[in-house]
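Here is the structure we will look at, set down as structure tokens.
Letters go in sequence order (proteins before strands), and every chain restarts at 1.
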Amino acid sequence: MSQLLQHLNEPQLAAVTLPPQSALILAGAGSGKTRVLTTRIAWLIQTGQVSPQGVLAVTFTNKAAKEMLTRLSAMLPINTRGMWIGTFHGLCNRLLRAHHRDAMLPQTFQILDTQDQLSAIKRLLKSLNVDDEKYPPKNLQYFINGAKEQGLRAHQVEVYDDYNRRFVELFAAYDEQCQREGVCDFPELMLRCYELLSRNQPLREHYQARFKHILVDEFQDTNPLQYQWLKLLAGNHSAMFAVGDDDQSIYAFRGANVGNMAQFEREFKVQNRIKLEQNYRSFGNILNAANTLIANNSKRLGKNLWTAQGEGEPIRIYEAMQDTQEAQWLVEEIRGLIRDGFNRSDIACLYRANAQSRVLEHALFNAGIPYRVYGGLRFFERAEIKHALAYLRLMENAHDDTAFARVVNFPTRGIGARSVEQLQDLAKQHGTSLYAAVPYLTGKPGSSIGAFVKMIEAMRFETQNLPLPEIVEHIIHASGLLTHYQGEKEGQERIENLNELVNAATAFISEEGYRMDAPATLGDAEIQIASPLAAFLSHAALEAGDNQAQAGMDAVQMMTVHAAKGLEFHAVFITGMEEGLFPHENSITEEDGLQEERRLMYVAITRARTKLYLSFSQSRMLHGQTRYGLRSRFFDELPEATLKWLTPKVQRYTHSHSSSAWDELPPVVEAYRKKASHDSGWRIGQSVVHAKFGEGVIVNIEGSGTDARVQINFGRHGLKLLSLAVAKLEAV
DNA sequence: GAGAGTGATATGCCT
DNA sequence: TATCACTCTC
């Protein structure tokens, strides 16, 4: 045990060895958060306070979960396989599979990823003849997910105008459709699981008694539903160990609620709040800058990072005339760093928005510097992979209409849109899935669709006793996908990806240690999933896989600031530090938005270990137009003593109105004004009062005339979409 | 059913 | 600018 606790600093040690009570660990960037979390688990187990089965540890990403498992295996001579360590969604999936009957789901229910969900919604709107101009599928998706993440079903959502009423109706219809098809979207996994536990007392009590210790990573990113879920599992007796950093909450835009931290302290009567403030990552100047910047935020839980290392180098700042010049400078600096012995992979180039990467890539490419861009399409999201998975899904659950619609005519087999529509009508008439509606088809379309169904059934029959990789291989051939891509000009890469899918299946079987003969004890760690195929399909949906194959190469790392969270690099460049870009213009109208941008900047700064560079440009090509930006206000929030301006710092503006050398309004502001005004007379950013929701700020306007709708942030009441024709708004 | 042509549209991206 | 989704034409 002593070995386990070696090299922990005082607060880390205190956190790890806390008594079995709920605790909140405020863990600053680079303060050894993961270490504390895993050591805590190891310590609890090693001292006999809990068995491995009594621990529940939750993370947001698969990567974090894996990291935790790896470290734990290194600390303890136990098999971590059966432990309940995983992502929120992964654990919910596990619970729902185990208790699918109580959850009113078929055992083989499929998981819809974001894409699948959108196509399911489009299909729904079509079948109900809904005008998707007026009710854009994307908005509906956002609406549904937003509600579910608050823990709300359609009937619980507040109706305040006709437009919104329709959304609620469509939400209900969507859920019915999913139920009929036996599919769950991501938030549904959480909500379904929550409802299962809250409805089923014996089950709830079983798990409450079982999980004596619940540990949560990145607690600041939990949404209200996840918090309720945790609360339910914890019951009155479990100890909840929540680790988070309110200053690194950068996903409020996605429904995360930092307020959960305060609520947690209150509701769990947390006696133990421990701050981890010693940073082992960065030098003093970098930390100092981060601390000074974030101090501008209000409503912080409060925390100041410090380091035992020296000040280190100053933060270098470069001002370019154009984005291309900025990129050129970046290339030169990177060259210098590489000359000084830095690995390319130790260098990160961060930006606020993906669109900024192009200029930088161009410059790096021309300079012959290898780089790797993160983001973009991931393995399991590629079209050919999704096609193959759709066949597999149909074999597993024939009523999965999303999968059916995806491949019924892919590769093309003479089944046109008319036939599919006809089938959809029949399915609706008889209240069945597309697959089950096929026998009702008569005449010519019946034969080709009938052949498709026969093909699926043949696949199911022929693969019955095959191991998973061979099943995958079989359907790639039997579906005609392989032949189809062989005939395509650029099909080679797709074929390689399909082969990679077979490899992924092989790896899945060996890595996950999936055992078909595992004992099926209800509510036990060893939960029997219907088949390796079903497990693999869940895996594919829950873990989208890496974005790029060329991983191993030593390359400069390029990514958005969001994507950089949790990572660290020796040298970090933060580019595009301009007003409107960083902070992003869509955020600066609301105070909360601006604070989130500041946290984002905080995250960006704290990624750097030894060298930090900030750059901005006077002009930038964006969306095909040259935009003239101002230096980001965040520069004014950094301590001057830590900065070194590579270009002269020009006092050319302030953020008050009373300036200066710039006679006219900066173009970026002009452009913003233009964008924001609307023929309805309202404009984005305007403060309004609503009879029911009180004061809010218009964040978006869409449509025109009687169709015009405004999206308003009512703060406490959340984001609402209101029809201008209906809602009574008053300007403030 | 495939390809060309059109137009709109443009943060962040975990599960 | 560049991408994507959707319509139109053969």
Side-chain angles (χ1 to χ4, degrees), chain A residues 58-65 86-93 111-119 122 132-133 136-138 145 148-149 184-191 193 217-218 221-223 225-226 249-256 323 350-359 362 374-378 380-381 409-420 484 487-489 538-545 547 559-566 576 580-588 593 596-597 599-601 603-604 620-627 675 699-700 702:
Chain A
V58 206
T59 64
F60 276 85
T61 65
N62 293 298
K63 207 175 143 200
T87 63
F88 277 102
H89 298 268
L91 295 172
C92 285
N93 179 48
I111 300 167
L112 300 184
D113 67 13
T114 313
Q115 286 178 36
D116 295 335
Q117 186 188 27
L118 189 61
S119 45
K122 284 181 183 164
D132 57 6
E133 299 266 292
K138 280 237 170 73
N145 291 349
K148 286 186 182 179
E149 276 158 10
C184 285
D185 55 49
F186 285 137
E188 181 72 23
L189 287 173
M190 290 278 343
L191 183 53
C193 190
D217 190 19
E218 305 275 16
D221 285 339
T222 48
N223 64 38
L225 176 58
Q226 284 159 337
S249 154
I250 55 174
Y251 286 112
F253 77 94
R254 224 162 49 187
D323 47 359
L350 309 183
Y351 34 82
R352 173 68 242 264
N354 280 119
Q356 290 167 247
S357 77
R358 192 161 288 125
V359 197
H362 186 75
Y374 289 77
L377 257 203
R378 307 195 304 174
F380 285 112
E381 291 167 357
N409 196 34
F410 193 95
T412 51
R413 42 179 77 89
I415 300 170
R418 305 160 299 284
S419 330
V420 177
H484 175 262
E488 221 179 40
K489 287 190 296 283
S538 302
H539 166 79
L542 289 172
E543 186 166 355
N547 333 49
M559 66 195 82
T560 63
V561 181
H562 280 94
K565 188 174 168 205
L581 246 190
F582 201 179
H584 195 275
E585 62 192 24
N586 290 1
S587 310
I588 48 189
E596 180 146 318
E597 294 288 307
R599 292 192 294 268
L600 199 51
M601 183 64 190
V603 168
R620 178 177 300 278
M621 278 290 264
L622 215 57
H623 309 319
Q625 275 177 328
T626 307
R627 301 212 343 186
K675 179 178 168 238
V699 294
N700 197 16
E702 46 187 40

For this session: State, yes or no, whether a side-chain contact exists between Ile588(A) and His584(A) at a heavy-atom distance under 4.5 Å.
Result: no

Exercise. Rounded to the nearest 0.5 Å, what separation is found between the OG1 atom of Thr114(A) and the CD atom of Glu381(A)?
Worked result: 7.5 Å

For this session: Look only at the side chain of Glu596(A) and the backbone of Ala252(A), and say whether a donor-acceptor pair between them is shorter than 3.5 Å.
Result: yes

Exercise. Contact class for Gln356(A) vs. all strands (heavy atom < 4.0 Å): base, sugar-phosphate, or nothing?
Worked result: nothing

Exercise. Between dT11(B), dT15(B), dG1(B), which nucleotide has the shortest distance from any of its atoms to the side chain of Thr412(A)?
Worked result: dG1(B)

Exercise. Asn409(A) near the nucleic acid: base, sugar-phosphate alone, or nothing, with a heavy-atom cut-off under 4.0 Å?
Worked result: sugar-phosphate

For this session: Rounded off to whole Å, could you give me the CZ-to-P distance for the Phe186(A) and dT15(B) pair?
Result: 8 Å

For this session: Determine the interatomic distance between P on dC4(C) and the same-named atom on dC13(B); round to the nearest Å.
Result: 16 Å

Exercise. Whole Å only: how far is the CZ atom of Phe380(A) from the C1' atom of dC14(B)?
Worked result: 17 Å

Exercise. Any side-chain heavy atom of Arg620(A) sitting closer than 4.5 Å to one from Leu581(A)?
Worked result: yes

For this session: Answer yes or no as to whether dG12(B) has its base stacked against Phe253(A), where stacking requires a ring-centre separation under 5.5 angstrom and planes under 30 degrees apart.
Result: yes

Exercise. How is Asn354(A) classified with respect to the nucleic acid when contacts are heavy atoms under 4.0 Å: base, sugar-phosphate, or nothing?
Worked result: sugar-phosphate

For nucleotides 6-10 of chain B, give me every protein contact, N/O to N/O, under 3.5 Å, one pair per line with atom names.
| residue | atom | partner | partner atom | Å |
| --- | --- | --- | --- | --- |
| dA10(B) | N3 | His623(A) | ND1 | 3.3 |

Problem set entry | Note: Asp113(A)-Arg378(A) ion pair, threshold 4.0 Å (strictly below) | no

For this session: In whole angstrom, give the distance that lies between atom CG of Leu350(A) and atom P of dC13(B).
Result: 11 Å

Exercise. Parallel, tilted or perpendicular: which describes the rings of His89(A) and Phe186(A), with under 30° parallel and over 60° perpendicular?
Worked result: perpendicular

Exercise. Of the nucleotides dT15(B), dC14(B), dT11(B), which one has an atom closest to the side chain of Ala353(A)?
Worked result: dT11(B)

For this session: Check whether any side-chain nitrogen or oxygen of Arg378(A) sits under 4.0 Å from OP1 or OP2 of dC14(B), and answer yes or no.
Result: yes

Exercise. To the side chain of Met621(A), which of dT15(B), dT1(C), dA2(C) is closest?
Worked result: dT1(C)

Seminar exercise, completed: Rounded to whole Å, CD of Glu596(A) lies from P of dT11(B) at a distance of 16 Å

Exercise. Taking atom P of dT15(B) as reference, at what distance in whole Å does atom CD of Glu381(A) sit?
Worked result: 10 Å

Problem set entry | Heavy-atom pair of closest approach, residues Thr626(A) and Met621(A) | OG1-SD, 3.5 Å

Exercise. Under 6.0 Å between the ring centres of Phe253(A) and His562(A)?
Worked result: yes

Exercise. Distance between the C1' atoms of dT3(C) and dC14(B), in whole angstroms?
Worked result: 24 Å

Problem set entry | dT15(B) base / Thr61(A) side chain donor-acceptor hit below 3.5 Å | no

Exercise. In terms of side-chain heavy atoms of Ala563(A), which of dT15(B), dC13(B), dT11(B) is nearest?
Worked result: dC13(B)

Problem set entry | Rounded distance (Å) that lies between atom C1' of dG12(B) and atom CZ of Phe582(A) | 10 Å

Problem set entry | Check ion pair Glu149(A)-Arg254(A) (N to O, under 4.0 angstrom) | no

For this session: Using whole Å, report how far CD1 of Ile250(A) lies from P of dC13(B).
Result: 9 Å

For this session: Would you mind telling me which of dC13(B), dT11(B), dA2(C) lies closest to the side-chain atoms of Asn586(A)?
Result: dT11(B)

For this session: Classify the nucleic acid contact of Arg352(A) as base, sugar-phosphate or nothing, counting any heavy atom under 4.0 Å across all strands shown.
Result: base

Problem set entry | Residue closer to the 5' end of DNA chain B, Gly416(A) versus Phe60(A) (nearest nucleotide) | Gly416(A)

Problem set entry | Atom-pair distance (CG on Leu377(A); P on dT3(C)), nearest Å | 13 Å

For this session: Determine the contact category for Lys122(A): base if any of its heavy atoms lies under 4.0 Å from a base atom, sugar-phosphate if only primed atoms, P, OP1 or OP2 are that close, otherwise nothing.
Result: sugar-phosphate

